[in-house]
2 protein chains.
Amino acid sequence: MMQGGRTETGGGESLLFLTDEQLRKGIEAMYFAYRAFTADPDRILENYEYGRAHHRAIHFINRQPGLTVNTLLTMLGVTKQSLNRVLRTLVEDGLVEARVGRRDKRERNLFLTEKGSALERDLSEAQRARMRAAYRSAGPAAVTGFRQVLEAMMDPEIRRHYLSMKDGAP
Amino acid sequence: MMQGGRTETGGGESLLFLTDEQLRKGIEAMYFAYRAFTADPDRILENYEYGRAHHRAIHFINRQPGLTVNTLLTMLGVTKQSLNRVLRTLVEDGLVEARVGRRDKRERNLFLTEKGSALERDLSEAQRARMRAAYRSAGPAAVTGFRQVLEAMMDPEIRRHYLSMKDGAP
DNA sequence: GATTTTATGTCAGTGATGTTGACTTTCCAA
DNA sequence: TTGGAAAGTCAACATCACTGACATAAAATC
């Protein structure tokens, strides 16, 4: 049975953090933390008729103003039909502006309106408050480790996108 | 405007990791990593007619064999109606056994059957493989920080449950 | 100039997951 | 014995994802 077995590859004591039990705890930690992580913005979104998908779209449009639908599609990893439904309501409600591309008129460049920016700030401040508290309680060294593990966990193509977005360390 | 502002509370350079930009990167890291984290088991579940909710139920029943429906409910944070639909299919398909409680016959104690254990191993091995690779590439110190931040991010009641589950450090 | 490819939008149908609300059954405990 | 907790059930509904098919416009290519 593989269940309950250790996963050391012969490296000795320094690999104790790679036991199946340790990995399972990590899996549970990811699950529980992510749930808390999404709970705060979800509470805000209940007041509107929006869901998590709207939040994601708003987040990335704020991070890369003018990005195209296709780029957003890649980052969100959903189908265009799914994203389109979300974008349509956001444009209709005046939170997002979709400007026809200047060079390539097939493209739509997406921007947040002032109203969209306001919601973005609300949502992200709720999320940042939790992240800030967690960072503060864990300390800078832990935060570095946190980011390292998360980055190593991402799919390579997505990690490229992630790393290319503007960073807080100038 | 609060947007783009720093969040230092006067502590000086040691709090640079708490800038809004750093927090936003952390938020994105969580999102992208979690997506990768769930992608592997999701691929396996496509072959069955199960979804992520079934995976979660199977995971926790494996971790705490004999747990009651109510305990599982608390850990999953869903309604009993939602969980019931999932549990019913798992029991019907012979992956989960729901034994009437010995002391309190209203309760149901949940166990994985051999068939259920087999699927659990498949699913969790896929997830552990990614976690193992990330841990290995980031190293033990990073893993400690990773866990610290995630634990600080959880809701307190859930963290209690999380910490009370068996740990890999004996 | 005609054809193909690309970017986007739209409509229809489906499935998994979640919700609320109302109700029943079982059965422990005051 | 009665009240209430635990569990299960049924119904209706919303969100968010998917696939598949099709439309439009513009760029790219032949």
Side-chain angles (χ1 to χ4, degrees), chain A residues 31 34-35 38-39 41-59 61 66-93 96-111, chain B residues 31 34-35 38-39 41-61 66-93 96-111 123:
Chain A
Y31 170 61
Y34 192 79
R35 220 174 64 192
T38 54
D42 282 358
R43 264 189 291 275
I44 294 174
L45 290 161
E46 275 175 13
N47 305 327
Y48 304 75
E49 47 195 3
Y50 299 143
R52 218 172 274 181
H54 300 82
H55 181 190
R56 290 173 192 149
I58 287 174
H59 173 94
I61 295 171
L67 88 176
T68 65
V69 173
N70 229 359
T71 305
L72 186 52
L73 227 43
T74 306
M75 288 198 299
L76 295 178
V78 297
T79 59
K80 63 173 180 173
Q81 294 92 327
S82 199
L83 175 59
N84 188 258
R85 183 175 2 127
V86 167
L87 279 182
R88 203 186 338 173
T89 68
L90 290 176
V91 170
E92 281 170 3
D93 297 353
V96 166
E97 191 186 350
R99 296 182 204 154
V100 171
R102 287 199 312 152
R103 292 183 320 194
D104 187 334
K105 294 180 185 171
R106 293 170 304 178
E107 294 183 345
R108 298 289 182 276
N109 296 112
L110 302 170
F111 300 88
Chain B
Y31 170 61
Y34 192 79
R35 221 174 64 193
T38 54
D42 281 358
R43 265 190 291 276
I44 294 173
L45 290 161
E46 274 174 15
N47 305 328
Y48 304 76
E49 49 194 2
Y50 299 143
R52 219 173 274 180
H54 300 81
H55 181 191
R56 291 172 192 151
I58 287 173
H59 173 92
F60 287 111
I61 295 172
L67 90 176
T68 65
V69 173
N70 225 6
T71 305
L72 186 52
L73 227 44
T74 306
M75 287 197 300
L76 295 178
V78 297
T79 59
K80 63 175 179 174
Q81 294 91 330
S82 197
L83 175 59
N84 189 257
R85 189 178 351 149
V86 167
L87 280 182
R88 201 185 342 167
T89 66
L90 290 176
V91 169
E92 279 171 4
D93 297 353
V96 167
E97 191 186 350
R99 296 183 203 152
V100 172
R102 287 201 310 153
R103 290 183 322 192
D104 186 336
K105 293 180 185 170
R106 293 168 302 179
E107 294 183 345
R108 298 290 181 275
N109 296 111
L110 304 170
F111 299 87
L123 291 170

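It should be emphasised that the depicted structure is a prediction, and the values quoted were computed from it without experimental measurement. The figures that follow rest on heavy atoms only: side chains count, while hydrogens, waters and symmetry mates do not. We name chains A, B, ... by the order of the sequence lines, and we start the count at 1 in each one.
- For the pair Asn70(B) and dA7(D), the criterion of a side-chain N or O lying under 4.0 Å from OP1 or OP2 is met.
- Here salt bridge (Lys or Arg N to Asp or Glu O under 4.0 Å) pairs that include residues 42-54 of chain B, with residues two or more places apart or in two chains, are Asp40(B)-Arg43(B), Asp42(B)-Arg52(B).
- Panel note: side chain Arg108(A), backbone Arg106(A); a donor-acceptor pair is recorded below 3.5 Å.
- Between Leu83(A) atom CG and Gln81(A) atom CD the span is 10.0 Å, to the nearest 0.5 Å.
- Gly101(B) and Asn109(B) make their closest contact through CA-OD1, 3.3 Å (heavy atoms, listed as atom of the first residue, atom of the second, distance).
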Contact list (N/O, under 3.5 angstrom) for nucleotides 15-21 of chain D vs protein:
unit_1: dC16(D); atom_1: OP1; unit_2: Gly51(A); atom_2: N; d: 3.1
unit_1: dC16(D); atom_1: OP1; unit_2: Arg52(A); atom_2: N; d: 3.0
unit_1: dA17(D); atom_1: OP1; unit_2: Arg56(A); atom_2: NH1; d: 2.8
unit_1: dA17(D); atom_1: O5'; unit_2: Ser82(A); atom_2: OG; d: 3.4
unit_1: dA17(D); atom_1: N7; unit_2: Arg85(A); atom_2: NH2; d: 3.0
unit_1: dC18(D); atom_1: OP2; unit_2: Thr79(A); atom_2: N; d: 2.7
unit_1: dC18(D); atom_1: OP2; unit_2: Thr79(A); atom_2: OG1; d: 3.0
unit_1: dG20(D); atom_1: N7; unit_2: Gln81(A); atom_2: NE2; d: 3.4
unit_1: dG20(D); atom_1: O6; unit_2: Gln81(A); atom_2: NE2; d: 2.9

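- From the 5' end on, the contacts that DNA chain C makes with chain A at under 4.0 Å to a non-hydrogen atom open and close at dT6(C) to dC11(C).
- Comparing the start and finish of the helix from dG1(C)-dC30(D) to dA30(C)-dT1(D), five pairs each, the helix axis swings through 20°, to the nearest 10 degrees.
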Can you list, pair by pair, the side-chain donor-acceptor contacts under 3.5 Å of residues 67-79 of chain B, counting residues two or more places apart and other chains?
unit_1: Thr68(B); atom_1: OG1; unit_2: Thr71(B); atom_2: N; d: 3.2
unit_1: Thr68(B); atom_1: OG1; unit_2: Thr71(B); atom_2: OG1; d: 2.9
unit_1: Thr74(B); atom_1: OG1; unit_2: Asn70(B); atom_2: O; d: 3.1
unit_1: Thr79(B); atom_1: OG1; unit_2: Ser82(B); atom_2: N; d: 3.3

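- In this structure, Tyr31(A) and Phe60(B) have tilted ring planes: the angle between them lies in the 30° to 60° band.
- For the residue pair Leu45(A) and Gly51(A), the shortest heavy atom distance occurs at CD1-O, 3.4 Å.
- Aromatic ring pairs are classed by plane angle as parallel below 30°, tilted from 30° to 60° and perpendicular above 60°; the pair His59(B) and His55(B) is perpendicular.
- Rounding to the nearest 0.5 Å places CG of Leu123(B) at 7.5 Å from OH of Tyr48(B).
- In this structure, the side chains of Tyr50(B) and Asp93(B) come closer than 4.5 Å at one or more pairs of heavy atoms.
- A distance of 8.5 Å separates CG in Leu87(A) from NE2 in His54(A), rounded to the nearest 0.5 Å.
- For the pair Ala98(B) and Leu110(B), the tightest heavy-atom approach, listed with the atom from each and the gap, is CB-CD2, 3.8 Å.
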Below 3.5 Å between N/O atoms, which protein atoms pair up with nucleotides 26-28 of chain D? Just atom names and distances, please.
unit_1: dA27(D); atom_1: OP1; unit_2: Arg103(A); atom_2: O; d: 3.4
unit_1: dA27(D); atom_1: OP1; unit_2: Lys105(A); atom_2: N; d: 3.3

